[in-house]
Amino acid sequence: MLFNNVFELVSSSWKLLNKSRKFYLISPIATRRSLSVQYGNSALLTAGAKSYINKCVSLCQPDRIHICDGSADESKLLQELMLKQGTITRLTKYTNCWLARTNPADVARVESKTFICTDRKDQAIPVTPNATAGALGNWISPADMEQAVKERFPKSMRGRTMYVIPFSMGPVGSQLSKIGIEVTDSPYVVESMKIMTRVGNQVLEKLQSNGDEFVKCLHSVGTPKDRKVAVPSWPCDPERTIILHKPDSNEILSYGSGYGGNSLLGKKCFALRIGSTIAKREGWLAEHMLILGITNPKGKKIYIAAAFPSACGKTNLAMMTPTLPGYNVECVGDDIAWMKFDSEGVLRAINPENGFFGVAPGTAMSTNPNAMNTIFSNTIFTNVASTSDGGVYWEGMEEPNINNVITTDWLGKLWSKQSGKPAAHQNSRFCTPAIQCPIIDPCWEDPQGVPISAILFGGRRPKGVPLVYEARNWSHGVFIGAAMRSEATAAAEHKGKVIMHDPFAMRPFFGYNFGDYLKHWLSMEKRGRVPKVFHVNWFRKSADGKFLWPGFGDNSRVLDWIFRRVHEEDCYVDSPIGYLPSEGALDITGLQQSVDLKELFNVPNDFWQQEVNEIEQYFKTQVGEFLPKEVFNELTELKKRVNKL
Ligand code: SAT
Ligand code: MN
């Protein structure tokens with residue numbers, strides 16, 4: 001490698017130049033450009049870290065290296081830099097809050113440009129004669145991946161600083177945690193990663209004792225081919241964006257986008273895609289799930305994990321304020337759960353993240369007061385609107401003073417309600433430290449994880465799907481996860497409100513063949529005591545298009561029924577699709593609006609016949625021979641029961 005000696009040189013010069021914290025080296029590359037390590041203590045780097053950084057330097061050829069220490073001083077430095085570059089503005093109304101406006105072409109995850117690289121295609125996705133491209137992920141061959149990298153990364157960091165972010169997914173030192181090193185040319189990514197993960201020297205120290213094992217994450221915002229950067233404050237290369245994962249070598253390479261799951265590589269790329277492949281190898285689960293603790297009026301507490309697709313209310317459920325008296329909800333995580341059986345056979349979960357990257361629009365004191373009380377300090381907002389008093393605004397925020405201030409929309413244009421245009425982008429986000437959540441669970445950082453008693457699957461289903469039903473057993477639960485469908489949202493590039501298959505809310509996040517994923521889930525029953533499984537749907541609508549259920553805090557009524565079912569209370573009736581609450585079992589005392597329970601729990605014959613056919617088609621065309629027979633049998637049984645309706 002061209003830069004093999006960089007760190008040897010750095011380490012020896014460190015003592016001499018420690019005062020100025022600056023090094024200027026003459027690089028050994030042919031062009032003889034100078035490379036300076038301008039920040040950080042390279043002496044802490046392990047041999048594996050050095051070798052990886054050398055490779056990235058050699059490929060991307062940055063002008064400077066910055067080894068992140070996770071400190072507040074470092075944040076100040078980067079905030080000042082980003083202010084100068086126009087990437088962020090200060091939100092003076094709040095403490096240490098910032099607003100970033102992206103290039104409007106870089107606003108969400110790009111699923112069609114996200115790939116898993118394996119030797120054989122069927123290691124990454126089910127290969128069937130009529131599979132729809134991208135339905136269960138995209139595969140790329142090692143040769144094509146190499147080519148894609150060659151076309152994009154060489155010299156991609158010229159003129160820029162290369163930041164090295166050592167981070168831990170999960171509390172540093174927990175048996176369930178894993179370490180990554182993200183190399184990026186975006187200070188916005190550094191500051192966001194410092195909120196979303198645990199960053200700093202303690203991670204490098206851990207690396208010394210864990211056998212130097214880390215996930216390699218290389219990210220560059222890139223530069224368009226014609227070198228015309230459309231929005232200099234938010235460089236990116238939307239035309240050539242690509243997100244590559246190589247499970248074999250625990251490697252991620254992401255080019256061209258600075259946004260969310262495309263660039264904060266600890267999140268979807270590591271914690272879910274690479275995470276799911278590590279989990280498969282090691283016998284645990286890496287899932288797109290929130291984790292909450294719920295205590296009943298008698299003081300009994302259970303933990304629940306719930307999988308909903310992006311932008312379907314995971315953050316709202318995880319931070320819910322129950323309307324049902326005596327109940328208390330506490331938040332462990334809002335997006336990702338890593339779950340493993342302990343030696344006693346109890347399924348234990350950690351939230352591998354350290355912050356929330358939540359959808360802003362719709363977040364309000366009435367819908368999620370705990371989120372509102374979390375996000376107004378130490379937060380990076382992206383693509384929300386700003387107000388002339390130094391604040392933020394988005395649709396549904398219920399800001400009473402909005403008419404007394406001048407509002408600038410997410411595109412930087414003056415905005416008024418009368419314009420009819422949204423002030424904030426639909427997928428605008430807050431990136432905020434989890435510890436600031438007023439109802440963060442006392443055990444949220446417990447290295448053992450919290451014991452999971454129930455798993456919920458759900459999505460946006462305007463028709464036919466009841467408020468809640470329970471799986472008959474584990475394999476039926478796995479089937480319910482596999483058959484999940486939900487309306488598309490703005491979290492990715494899908495347009496319109498089409499109902500999409502989104503098994504386990506993992507469709508964009510599988511790191512390996514979905515059929516093998518199902519087999520892995522089925523095998524959990526042999527590894528320990530599996531939790532009960534439920535399906536929930538807060539989004540059913542009446543014929544006139546109104547939501548049948550108030551949702552938010554009133555979802556505690558559903559959690560109450562689930563709580564009682566976990567404790568085997570006899571409060572259910574059988575139905576063709578699973579167990580429903582028996583008459584009167586759903587506690588609706590004190591509900592502020594009248595609800596049509598009959599409609600809410602109706603299991604319409606024609607709808608379910610169609611649904612079963614649709615699932616069968618989907619399994620046949622997209623999963624084919626990779627579908628485990630147990631899941632196929634569950635479908636056959638459901639079909640029989642539905643046909644008797
Ligand atoms: O953009 S992210 O992938 O981080 C958010 C989401 O889609 O859940
Ligand atoms: Mn998510």
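Computed from a predicted structure; not experimentally measured. Order of listing sets the numbers, starting from 1, for every ligand and every atom in it.
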- [ ] Return yes if some donor-acceptor pair links the side-chain N/O of K113 with the main-chain N/O of P238 below 3.5 Å, else return no.
- [x] yes

TODO: Give the numbers and elements of all ligand 1 atoms closer than 4.0 Å to a heavy atom of R429.
DONE: 5 (C), 6 (C), 7 (O)

Task: Polar side-chain atom of D334 near backbone of M319 as donor-acceptor pair, under 3.5 Å - done: no

Open item on the list: According to side-chain contact (heavy atoms from CB on, under 4.5 Å), who are the partners of I125, at least two apart in sequence or on a separate chain?
Closed with: K121, W139

Open item on the list: Could you check whether any side-chain N or O of D185 sits under 3.5 Å from a backbone N or O of V221, counting only pairs where one atom can act as donor and the other as acceptor?
Closed with: yes

Open item on the list: Using a plain distance cutoff, I'd like to know if R109 has any nitrogen or oxygen under 3.5 Å from a nitrogen or oxygen of ligand 1.
Closed with: yes

Task: Environment of the Mn ion (ligand 2) in terms of protein N/O/S atoms, cut-off under 2.8 Å - done: K268 NZ, H288 NE2, D335 OD1

TODO: With K178 as the cation and F270 as the aromatic partner, state whether NZ or CZ is under 6.0 Å from the six-membered ring centre and within 45° of the axis.
DONE: no

Open item on the list: Parallel, tilted or perpendicular, judged at 30° and 60°: which one describes the rings of F547 and F539?
Closed with: perpendicular

Task: Six-ring centre of F509, K268 cation under 6.0 angstrom, axis tolerance 45° - done: yes

TODO: With heavy atoms of A491 as the reference, note each atom of ligand 1 found under 4.0 Å away.
DONE: 7 (O)

Open item on the list: Under 4.0 Å from a heavy atom of F357: which atoms of ligand 1 are those, numbered in the order shown and with their elements?
Closed with: 1 (O), 4 (O)

Open item on the list: For atom 6 (C) of ligand 1, what is the closest protein heavy atom, and at what distance to 0.1 Å?
Closed with: S310 OG, 3.3 Å

Task: Backbone or side-chain N or O of K268 under 3.5 Å from ligand 1 N or O - done: yes

- [ ] Give the intermediate values and the outcome of side chain to side chain donor-acceptor pair (under 3.5 Å) for residues Y188 and S263.
- [x] CA-CA 10 Å; Y188 166 89; S263 68; over 6 Å; no

- [ ] Please determine, by modelled atom types, if W549 and N537 share a side-chain donor-acceptor pair under 3.5 angstrom.
- [x] no

- [ ] Measure the distance from atom 4 (O) of ligand 1 to every protein heavy atom, then report the residue, atom name and distance (to 0.1 Å) of the closest one.
- [x] G261 N, 3.1 Å

Task: Side-chain donor-acceptor contact under 3.5 Å, T95 with S377 - done: no

Open item on the list: I need the atoms of ligand 1 closer than 4.0 Å to a non-hydrogen atom of K267, numbered in the order shown.
Closed with: 4 (O)

